Amino acid sequence: MKRAIVLAMLLAASACRRGPTVEEARQFLDRAEADLLELANEASRASWVQSTYITLDTEALAAKANERYITAAVRYAKEAARFEKLALPDDLKRKIHLLKLATTLPAPSDPALAAEMTKLAAGLESAYGKGRYCPGGDQAKCLNIDEITRIMATSRDPKQLYDVWNGWHSIAPPMKKDFSRLVEIANQGARELGFADTGAMWRSGYDMPADEFAKELDRLWEQVKPLYEQLHAYVRWKLREKYGPAAVPEKGPIPAHLLGNIWAQQWDNLYPMLAPAGADPGYDLGAILKRRKTTPVEMVRYGERFFTSLSFEPLPPTFWERSMFTRPRDRDVVCHASAWDVDNVEDLRIKMCIEINADDFNTIHHELGHNFYQRAYNRQPFLFRAGANDGFHEAVGDTIALSITPEYLVKIGLLDKAPGSSKDLGLLLARALDKVAFLPFGLLIDQWRWKVFSGEVKPDQYNRAWWELRRRYQGVAPAGERGEEWFDPGAKYHVPANVPYTRYFLAHILQFQFHKALSDAAGCQGPVHRCSIYGNREAGRRLKEMLEMGASRPWQEALEKITGTRQMDASAIRAYFKPLEDWLVEQNRGKPVGW
Ligand code: X8Z
Ligand code: ZN
């Protein structure tokens, strides 16, 4: 026994002298991956229970399990530093890099801080999930996020819209203190891992230097900005006609509560007010689904059938047994839609509070995109079970949803007859109100958070900085004063839940590149916005090939595989909307553009 210990010590000492070997690095990573897989699964089970049944206990259990996972991930990342000088094969080098990014919230090595951090994080997500606005303080009249969403989408009474908008934003100020503390602790964790701050860490997950990535975003934004400005100008003009010049400025930013969405992030609910004369396609998918009494589960089945038509395997029975499709009536849950792979192999689930409307029909496809991606890469080593980058993960389901064309709806029996090409402008406008309107929003959330993480924006400047960015990027402004007693970023799920947001901006660029490439692969001849890859095995094969790679190679290779280019490029989204853009320029002639 004693001799064995001495021998081990001698071996360790000699390993020290000669430096670690590639084989040791490989063994270390194998162990780390096996351990992290187990801890990730435990954390994910606990988190599922927390999100679908919010109580103090589930929150505490989720925090604890997350703490165990994060602590281990950070410890392994630090230990891996000893292999960094070694000439390692690509896959091992990549794993060591990914190990450092295995958590979005890095914990400091001090166990007390790690515990505090994961408790704060779990508490913030619960607080968001429980968020309600009770008009007049009347507990019998409380509105949850589903009801808030519905009112913002359908009401055209500016007083009611403002009231509900303001009411929902009142869930956030109590979160501010915990959020700023969380920022402090996570930053300490990030610095221990060698990053300047948590934002710098988030930016380093894109197979290029972090600063270059930030510039890449600016470049993409400049590419799409002219299109956004045209849409903005047209919408502002129409809103001014509807609500009057006192409510909507001629040249300034649009009031945030009038855009049909509580965060003004997608404007498609305004479509009926904006429909181009003579070019309205004349159908409303939400109304069709309601008329047919389609159930939430049937809506998910439509989504699944799209993927199986591309030759993906059907979802496992457990998906249908374990998912949460609708809001339970008797408990608090986090209704924000998400997709899960609880055991990192085949325990796929979605969690949604599905409403029968076109937005949720799209979101179902979005979520299933995550699930089919997760299953496609489940034979990769643990650290590669992720998207090529997080924007890819967000783009897959959206790419499929771009194939929800009138012709597709006819094929699956939801529509009798597809409207002719004279209705293209209406179709494109409806899509642009969703996809183009989203772009600056997708960008600005992390522009704000990066400044918060770097310390450029301090807690007593949170709200001012937030509205400054909202105004600069989106051309949107609050209707009243929003001082620092408010914490408006906290009213958006991804801030209290600590989900990085740049991924959605990237996804909105990438999905148009994917859609174009897959439509070409499917041999689609018509205008690209009428192309649907439904039922096309060749497009399915191409897509699957990329999904199976997971994060095993730099995203540029994954992109090349599907599109033939290594660059993210907004010319695909610009080309998709070109006919609409020309029309908007025409409509806006003589009217102010910009703010
Ligand atoms: O959060 C989501 C998905 C879940 S990953 C429903 N999205 C962003 C949002 O809702 O803010 C999809 C679009 C943008
Ligand atoms: Zn998503």
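In each ligand, atom 1 is the first atom listed, and ligand 1 is the first ligand listed. Nothing fancy with the numbering, it's 1 onward along the sequence. Because the structure is a prediction, the values reported are computed rather than measured.
Polar contact check, His336 against ligand 1: a nitrogen or oxygen pair lies under 3.5 Å apart. Considering backbone and side-chain atoms together, His494 places an N or O closer than 3.5 Å to an N or O of ligand 1. Checked by distance only, ligand 1 and His366 stay at 3.5 Å or farther apart across all their nitrogen or oxygen atoms.
Only the side chain of Tyr501 comes within contact range of ligand 1, with a heavy atom under 4.0 Å; no backbone atom does.
Between Trp595 and His232, the angle of the ring planes lies from 30° to 60°, which puts this pair in the tilted group. The aromatic rings of Phe372 and Phe312 stand perpendicular to each other, their planes meeting at an angle above 60°, with 30° marking the opposite boundary.
Of all atoms in ligand 1, numbered sequentially from 1 with element shown, those under 4.0 Å from a heavy atom of Glu394 are 5 (S). Atoms of ligand 1 lying under 4.0 Å from any heavy atom of Ala337, numbered from 1 in the order shown and given with element: 4 (C), 6 (C).
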Derivation and outcome, side-chain contact (heavy atoms from CB on, under 4.5 Å), residues Phe306 and Leu368: CA-CA 10 Å; Phe306 201 117; Leu368 293 186; over 6 Å; no
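Checked against the 6.0 Å centroid threshold, Trp466 and Phe487 do not count as a close aromatic pair.
Closest approach between the Zn ion (ligand 2) and any N/O/S atom of His366 involves NE2. Residue-level check: among N/O/S atoms of His370, NE2 sits closest to the Zn ion (ligand 2). Atom OE1 is the N, O or S atom of Glu394 at the shortest distance from the Zn ion (ligand 2).
Not one N, O or S atom of Glu367 sits under 2.8 Å from the Zn ion (ligand 2).
Across all their heavy atoms, Ile151 and Leu161 have their closest contact at O-CD2, 3.8 Å. Of all heavy-atom pairs spanning Glu367 and Ser338, the tightest one is OE1-C, 3.2 Å.
Ion pairing between Arg301 and Glu304 holds under the 4.0 Å rule for side-chain N and carboxylate O.
Ligand 1 lies less than 4.0 angstrom from a heavy atom belonging to Phe438.
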